[in-house]
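A short write-up of the structure that comes next.
The chains referred to below are lettered A, B, ... by the order of the sequence lines, with proteins before strands, and numbering in each begins at 1.
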2 protein chains.
Amino acid sequence: MSAQAHASGEDSPTNGTGSALSGESWNDITPDAARRLVVAAVEAFAERGYHATTTRDIAGRAGMSPAALYIHYKTKEELLYQISKVGHLRSLALLSEARDAAAPAADRLATAVRRFVRWHAEYHTTGRVVQYELGALAADHYAEIVALRRRSEDAIRSIIEEGVAAGDFDVPDVSGTTLAVLSLCIDVARWFNPRGRRTPDEVGELYADLVLRMVGAPRQPARP
Amino acid sequence: MSAQAHASGEDSPTNGTGSALSGESWNDITPDAARRLVVAAVEAFAERGYHATTTRDIAGRAGMSPAALYIHYKTKEELLYQISKVGHLRSLALLSEARDAAAPAADRLATAVRRFVRWHAEYHTTGRVVQYELGALAADHYAEIVALRRRSEDAIRSIIEEGVAAGDFDVPDVSGTTLAVLSLCIDVARWFNPRGRRTPDEVGELYADLVLRMVGAPRQPARP
DNA sequence: TCAGTATCTAAGCGCTTGCTCACCCGACGG
DNA sequence: CCGTCGGGTGAGCAAGCGCTTAGATACTGA
């Protein structure tokens with residue numbers, strides 16, 4: 001397979017948003033206790049699911065009493081909403097950035113997949129909550145999140161459409177393939193295990209290659 | 001509710017096990033009330049998740065009082081276990097059959113994916129429970145199910161390995177690609193919507209094509 | 001005819017849930 | 001030196017949970 005050497009600089013074709021640096025993106029939540037609660041909630045939701053997680057458990061992990069949770073968040077659902085929103089915005093930013101880069105469609109698609117997958121692997125707990133606990137959101141919050149997801153889908157679809165138009169891709173069913181690509185990437189959050197054989201970087205590389213095959217792009221161009 | 005019509009015949013290249021006929025496979029559960037409970041539980045678990053589903057809800061959907069549930073199943077978890085077991089056995093049978101067929105690896109892989117995906121689309125409620133509610137199983141039940149999943153993975157891996165050995169496939173990372181193929185198929189249960197544009201057959205066909213591309217098989221052989 | 005069995009229900013037990021309330025505490029400006 | 005205020009607590013409420021029990025009903029074979 002392709003050498004995964006790629007020194008750090010590797011991507012960040014555009015960094016207009018300045019989002020590229022952030023690791024887990026809870027850093028800008030204040031006060032400190034509110035941030036600890038979000039982190040605790042992500043862990044708990046990812047481990048046991050939203051409904052199986054108790055507010056006592058979340059508060060406990062954050063090192064405070066059950067009642068303290070309600071100083072910072074009105075309900076347990078609001079915590080989920082916060083997590084879901086931040087996660088979806090991050091996904092969308094990632095994919096939009098890749099779509100808008102000045103590069104051939106194949107490169108942009110590979111970059112999008114590589115980063116999207118890497119994020120889902122690296123922050124697979126967050127990813128799990130973001131991708132699999134939507135159903136627990138209140139109706140209005142759910143609608144808002146679904147709109148963000150649609151925009152993410154559009155970003156991928158755009159790249160594939162442009163690749164087809166440029167004659168770089170061979171894709172009989174663009175919207176079906178878009179769905180499959182996104183689905184493939186998202187599911188990484190479900191199975192990824194940080195103690196497994198593969199690093200997030202390796203999975204990203206593997207998946208970028210697989211997706212290029214799916215769209216019938218000529219074999220991976222040598223990367224600088 | 002689920003039209004279980006499904007004209008059966010369509011493919012079935014091998015039908016040694018005789019399992020090919022079953023549609024939704026709850027038909028052989030007796031007595032009738034126990035079957036109704038399983039069907040109700042599948043619907044409820046798929047809609048809201050295991051933990052958000054109450055025994056009162058399940059019993060209600062099955063048209064009986066909450067207490068009646070416990071005549072047929074010892075606990076709510078046993079219901080989940082039953083569903084999970086039947087579903088995983090069905091998946092495994094599907095994949096094993098495809099693996100053992102007398103045909104080139106590409107055909108066997110395409111058949112495996114086509115049927116696996118079709119099943120996850122057609123019975124996406126069951127699929128949802130089977131694939132996404134494992135975590136709610138008791139420890140011993142969980143271990144048993146995980147063993148079944150490993151055997152399913154082995155079936156796919158075998159086909160890919162044999163395709164590589166025969167020179168039909170070009171796969172740099174066999175076990176990674178196996179994971180990706182399974183992941184892609186499984187995730188159909190999450191997003192498939194019976195009121196959407198695509199039928200289960202169409203999704204199966206699309207995915208079989210995509211997977212052949214992923215393993216670098218020469219373009220799809222004409223099917224009879 | 002009638003005990004035995006299988007199936008079901010109304011009522012409810014003990015416990016946990018999400019969330020609230022009355023109160024406490026240390027930092028800090030005047 | 002005190003009042004205020006953001007952040008915290010212990011206790012607990014109403015509701016809902018999984019599950020049990022005592023008893024009703026219908027069907028069976030002898």
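- Which of C:dT17, D:dG8, C:dC19 sits closest to the side chain of A:Met64 comes down to D:dG8.
- Separating the OH atom of B:Tyr73 from the P atom of D:dG18 is a distance of 17 Å, rounded to the nearest angstrom.
- Proximity of A:Gln82 to A:His72: side-chain heavy atoms (C-beta onward) are nowhere separated by under 4.5 Å.
- Residue B:Tyr70 contributes atom OH, which lies 18 Å from atom C1' of D:dA22 at whole-angstrom precision.
- Rounded to an integer number of Å, the gap from CG of B:Asp32 to P of C:dT7 is 11 Å.
- Rounded to whole Å, the distance from CD1 on B:Ile71 to P on C:dT9 is 8 Å.
- Note: CZ (B:Arg36) to C1' (C:dC8) measures 11 Å, nearest angstrom.
- The distance from atom NZ of A:Lys76 to atom C1' of C:dT20 is 17 Å, rounded to the nearest whole Å.
- In this structure, A:Leu184 and A:Met214 have side chains that are in contact, with non-hydrogen atoms separated by less than 4.5 Å.
- Look at NE2 on A:His51: it is 16 Å from C1' on C:dT16, rounded to the nearest Å.
- Between B:Arg56 and B:Pro31, the residue anchored closer to the 5' end of DNA chain C is B:Pro31, taking for each the nucleotide with the nearest heavy atom.
- Put simply, the side chain of B:Val188 does not reach to within 4.5 Å of the side chain of B:Arg118, judged on heavy atoms.
- Nucleic acid contact class of B:Ser65 (heavy atoms, under 4.0 Å, all strands): base.
- Contact between the side-chain N/O atoms of B:Thr55 and the OP1/OP2 oxygens of D:dC19 is not found at any separation under 4.0 Å.
- Residue B:His72 has no polar side-chain atom (N or O) positioned under 4.0 Å from OP1 or OP2 of C:dA6.
- Ranking C:dC8, D:dC17, D:dT20 by closeness to the B:Ala68 side chain, first place goes to C:dC8.
- The pair B:Arg190-A:Asp187 does not count as a salt bridge, with every side-chain nitrogen at least 4.0 angstrom from each carboxylate oxygen.
- Separating the CD atom of A:Glu78 from the C1' atom of C:dG18 is a distance of 14 Å, rounded to the nearest angstrom.
- A 4.5 Å side-chain heavy-atom check between A:Thr125 and A:Phe45 finds every atom pair outside the cut-off.
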